[in-house]
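A short write-up of the structure that comes next.
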Amino acid sequence: MTISKKSAEELLYKSIFYTLIGVFALIYIVSGKQKIDNIFIFSAFAFAIFLILKGIWHFIEIKECK
């Protein structure tokens, strides 16, 4: 088994992608006229929060690579 070096550039792109998609989804859900009372809307809300957190996690990994 070989250990390869992580690419900071790849993690940066992942971080930006996940964070932007999560923020856009969160804005779309919150700006809608619907309340978060439906299980599907709540699931989408939770998934948007998850994407934002995953983007932040990849950003933290970039700092650990350097």
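- The two residues Ile56 and Thr19 come nearest to each other via the heavy atoms N-OG1, 4.1 Å.
- With Ser15 contributing its side chain and Leu11 its backbone, the two residues share no donor-acceptor pair below 3.5 Å.
- Note that CG of Leu20 and CD1 of Ile52 are 10.0 Å apart. Values are rounded to the nearest 0.5 Å.
- Put simply, CD1 on Ile62 and OH on Tyr13 are 10.5 Å apart, with the number rounded to the nearest 0.5 Å.
- Here the shortest heavy-atom pairing between Phe45 and Val30 reads CE1-CG2, 4.2 Å.
- The side-chain heavy atoms of Phe17 and Ile21, taken from C-beta on, include a pair separated by under 4.5 Å.
- Atom NZ of Lys54 and atom NZ of Lys14 lie 7.5 Å apart (nearest 0.5 Å).
- In this structure, CZ in Phe50 is found 8.0 Å from OH in Tyr18, a value given to the nearest 0.5 Å.
- In the hydrophobic cluster analysis, where Ile, Leu, Val, Met, Phe, Trp and Tyr join through side-chain heavy atoms closer than 4.5 angstrom, Trp57 is grouped apart from Leu51.
- Val23 and Leu53 fall within a single hydrophobic cluster, where Ile, Leu, Val, Met, Phe, Trp and Tyr side chains are chained together by heavy-atom contacts under 4.5 Å.
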